[in-house]
Amino acid sequence: MMMGTDNDPLVEDGGLTTTQHRLTIWHKVAISINSPEIIKQPKEVDWRRYLQWILTPALSAVTGLILYYQGPWYGVATLYASLIATLLVRPGWRWFYIAAVTTPRDTVALFAYIRVLMFIKRQERKNLNIGDIFEANVARQPDKLAIVSESQQWTFRQVNEHSNRVANVFHSHGYKKGDVVGLLLENRAEFVATWLGLSKIGVITPLINTNLRGASLQHSITVGQCTALIYGANFRSAVMDIAKDLPAHVGLYQFNDEATQEIVASEGLSQGLAQQLNGLLETAAKDKVAAGASRADHHDKLVYIYTSGTTGLPKAAVITHSRYFFIAAGIHYTLGFKDQDVFYTPLPLYHTAGGVMSIGQALLFGSTVVVRKKFSASGYFSDCSRFQCTVGQYIGEMARYILATPSAPHDRQHQVRMVFGNGLRPQIWPQFVERYGIKKVGEFYGATEGNANIMNNDSTVGAIGFVSRILPQIYPISIIKADPHTGEPLRNSKGLCERCEADEPGVFIGKIVRGNPCREFLGYVDQKASSKKVVHDVFSKGDMAFISGDLLVADERGYLYFKDRTGDTFRWKGENVSTSEVEAQLSNLAGYKDVIVYGVSVPHTEGRAGMAAIYDPAREVKVTQLGEELANALPNYARPQFLRFLRRIDLTGTFKLRKVELQQQGFNPELIEDELYYVQSDGVYAPLTLSVYERILRNELRF
């Protein structure tokens, strides 16, 4: 029998089990560390340590399983780090509270992530590509609808046959694995079937933005290193305008709505007449790809997807077969998509959101996808009702456009159980789900070229995703301290980056692990541009991470919120102003109109003054009323000092507003034909005339 003092009670072995005995000691030690008082006769065990001992093996086993799929050495190292951290670190009661409230969220995401990794690993082991998985779906359900539009209803069999024809045509023309054939075509079944067919012979397809013209279009073709271009008849004029400036080796193939449609050459076109693709397809074999054609491997390049070009010319991001698997399967399992779901996407298929996340559900999981050539706010839910869609997709400002439409019967007469996308602003999130009866919103965040992709899987308003507070090592993404203006990481005395605390904004990064489709950074075709998106020596010497350039903030529970893009903040009156936050408030006050906010330099002042451009061709906004409402909604330093009412608007394909030209023009009435206003000392907006502008330059008007 062992005895102790009153302050150190040890009991007989028969009185307590060994575990209880140890827990009592741990209880005393833990409390004595936290309290200056002497502990007398503790009767209760320390449930923190008890839970820790129970959770550690379970969490470590799951962690080990996940990290096994991410690489053995990475798995072993991180597993031991996780074990040591869990066993040695003494979390406070707050930690267990956070763990308790976030465990359901993390558990769902954890098992989804396991399923994603297992799915990808299966395809990798068998060296399967996108075409292989699609053909398996064709064999299982050949007559099920795959892609539906306003004028088309294509089954899996039809998509497969068209893709085989494309593969055979270009194989017969000498194209092989590694060659690059650009695609300029509107949203339609042939768009998907064309790049899918090219992929079956290993040809890479740059998916070109259909809004591009002139130098931007030419740039996209040349930067993608295209050896040929397939374009729709609707884009013939745009292609002919630049054809004579394209390299002589670029072959042109025109796809017509009608096989007999005439092809007209451009004057001075060195390549001669473009070939009529329809006729070639009609004579090609449709049942299978010709023997002897090259084949793409699992890690080969599949397509190039261009960045939207809000800050310059488009850059071609590399998407491999494995990367396509990860993106499409990642959102499928994380958000709980079902194979029998019918997806609705009015987004352009040349971008990741529509072309991978939605179309990937058809190609990889056998779902039906409804596409639309052009987005219609009033037609969104009527289309969903007509085609019996169960999942809808949005991006950018679409939700705001939809919300601004008049009420209609189809607002609730639909089967949509979930919408997913990115850019649903928290200011309108509750109104949107309430009006349209949406049960779940899957907001995601990620860059086409990046590896830092996150999702909000529990419809938390405003959150774009989360990072686990229990086991953050599983998915190595972080928010690091950085200059809010330049996005340049701030480093400590050791030359390393530092993680942000809860509620502290910073730049979002994702750790790069070579050879891992979940953590690989494939970058752009232009390697110089790729190098600018990689930061070295992050948390240890020699490590690397993809740096997003976006400012995010994490709350105590690990939910992540978008703050702004670096460079999209400006400093005025000693305060940092977030352009996205001002845009959200101003858009609501202006009746959900398109708004873009940016900083402009004002002579004789420090920082940059806020300026807002509002798309209002009908001039419905009342300036005086808007000024009064802004005074109530925004702090003084955040209110735009200048207003510009745009007569026309320039949007990218993903409904983002271009601001480069607006920033360059500033508030100079000699350069701008639109109505301009400036804020007076009393807070009232007045017309900004040339004489007023000259007074500002002479420092006779101060802000």
Side-chain angles (χ1 to χ4, degrees), residues 123 126-140 142 146-147 152 154-185 188-208 224-232 250-256 259 274-305 319-325 328 349-350 355-356 359-360 362-364 366:
Q123 321 313 325
K126 298 176 182 179
N127 192 29
L128 298 179
N129 57 40
I130 300 299
D132 294 330
I133 301 301
F134 176 71
E135 289 182 350
N137 285 318
V138 174
R140 190 177 72 253
I147 301 175
Q152 293 178 305
W154 278 38
T155 64
F156 279 83
R157 189 200 311 274
Q158 288 174 295
V159 174
N160 191 50
E161 289 177 349
H162 189 92
S163 68
N164 288 339
R165 291 180 188 274
V166 171
N168 289 325
V169 166
F170 282 85
H171 169 62
S172 67
H173 285 205
Y175 292 90
K176 59 187 183 303
K177 182 176 178 177
D179 287 340
V180 182
V181 176
L183 180 60
L184 181 66
L185 195 63
R188 56 191 299 165
E190 290 92 342
F191 179 95
V192 179
T194 298
W195 70 252
L196 179 63
L198 292 170
S199 77
K200 289 185 176 184
I201 60 172
V203 171
I204 307 162
T205 310
L207 309 179
I208 299 175
Q225 301 173 1
C226 296
T227 54
L229 174 68
I230 301 171
Y231 63 92
V250 177
L252 299 178
Y253 294 81
Q254 181 171 309
F255 179 82
N256 300 324
Q275 299 190 64
Q276 212 266 31
L277 185 57
N278 301 66
L280 298 172
L281 294 173
E282 286 182 355
T283 59
K286 66 178 182 179
D287 293 330
K288 60 181 180 180
V289 178
S294 54
R295 178 189 178 278
D297 294 321
H298 180 76
H299 290 291
D300 284 341
K301 295 176 182 179
L302 173 65
V303 296
Y304 296 152
I305 295 181
I319 303 294
T320 60
H321 288 262
S322 59
R323 175 75 174 162
Y324 194 103
F325 278 126
L349 300 184
Y350 53 73
V356 182
I359 293 298
L363 301 183
L364 304 186

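Computed over heavy atoms, backbone and side chain alike; hydrogens, waters and symmetry mates excluded.
- What you find for Ala228 and Tyr253 is that their closest heavy atoms are CB-CE1, 4.1 Å.
- For Arg295, the salt bridge (charged side-chain N to carboxylate O under 4.0 Å, His left out) partners are Asp132, Asp297, not counting sequence neighbours.
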**Study point:** Pair Val192-Trp154, side-chain contact (heavy atoms from CB on, under 4.5 Å): steps then yes or no
**Key:** CA-CA 11 Å; Val192 179; Trp154 278 38; over 6 Å; no

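- Residues Leu196 and Ile130 are in side-chain contact: their nearest non-hydrogen atoms beyond the backbone lie under 4.5 Å apart.
- Counting heavy atoms of neighbouring residues, nucleotides and ligands inside a 6.0 Å radius, atom NZ of Lys286 does not exceed 12 of them.
- Considering all non-hydrogen atoms of both residues, Gly355 and Tyr324 come closest at O-OH, 2.9 Å.
- Side-chain atoms of Asn129 do not come within 3.5 Å of backbone N or O of Lys200 as any donor-acceptor pair.
- In terms of modelled atom types and a separation under 3.5 Å, the side chain of Asn137 and the main chain of Phe134 share no donor-acceptor contact.
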Check your understanding: Run the side-chain contact (heavy atoms from CB on, under 4.5 Å) check on Val166 and Ser163 step by step: do they pass?
Key -> CA-CA 5 Å; Val166 171; Ser163 68; 5.6 Å; no

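- In this structure, the side chains of Gln275 and Leu280 come closer than 4.5 Å at one or more pairs of heavy atoms.
- Checking side-chain atoms of Glu282 against main-chain N and O of Gly279 turns up no donor-acceptor pair under 3.5 Å.
- Residues Ala193 and His162 share a closest heavy-atom pair of CB-CD2, 3.5 Å.
- The side chain to side chain donor-acceptor pair (under 3.5 Å) search around Asn168 returns none, not counting sequence neighbours.
- Here the closest heavy-atom approach between residue Gly197 and residue Ala167 is recorded as O-CB, 3.2 Å.
- Put simply, the side chain of Leu198 reaches to within 4.5 Å of the side chain of Ile230, judged on heavy atoms.
- Judged purely by atom type and a 3.5 angstrom limit, Gln152 uses its side chain to pair as donor or acceptor with the backbone of Ala189.
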**Study point:** Ile208 and Leu229: CA distance, side-chain angles, deciding distance, side-chain contact (heavy atoms from CB on, under 4.5 Å) verdict
**Key:** CA-CA 10 Å; Ile208 299 175; Leu229 174 68; 3.8 Å; yes

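- Taking each heavy atom of Val169 and Ala284 in turn, the nearest pair found is CG2-CB, 3.7 Å.
- Below 30°, between 30° and 60°, or above 60°: for Phe325 and His298 the angle between ring planes is below 30°, a parallel geometry.
- Remark: the Arg157 side chain and the Asn160 side chain contain no N/O donor-acceptor pair separated by less than 3.5 Å.
- Distance alone, capped at 3.5 Å, places no donor-acceptor pair between the His321 side chain and the Leu302 backbone.
- The backbone N or O of Asn278 lies less than 3.5 Å from a partner atom in the side chain of Gln276, making a donor-acceptor pair.
- In this structure, the side chains of Asn164 and Glu161 stay at 4.5 Å or more apart for every pair of heavy atoms.
- Across Gly202 and Ala296, no two heavy atoms sit closer than the pair CA-CB, 4.0 Å.
- Of the residues listed (Thr205, Ile204, Val203), the one engaging Trp195 in a side-chain contact (heavy atoms from CB on, under 4.5 Å) is Thr205, and it is the only one.
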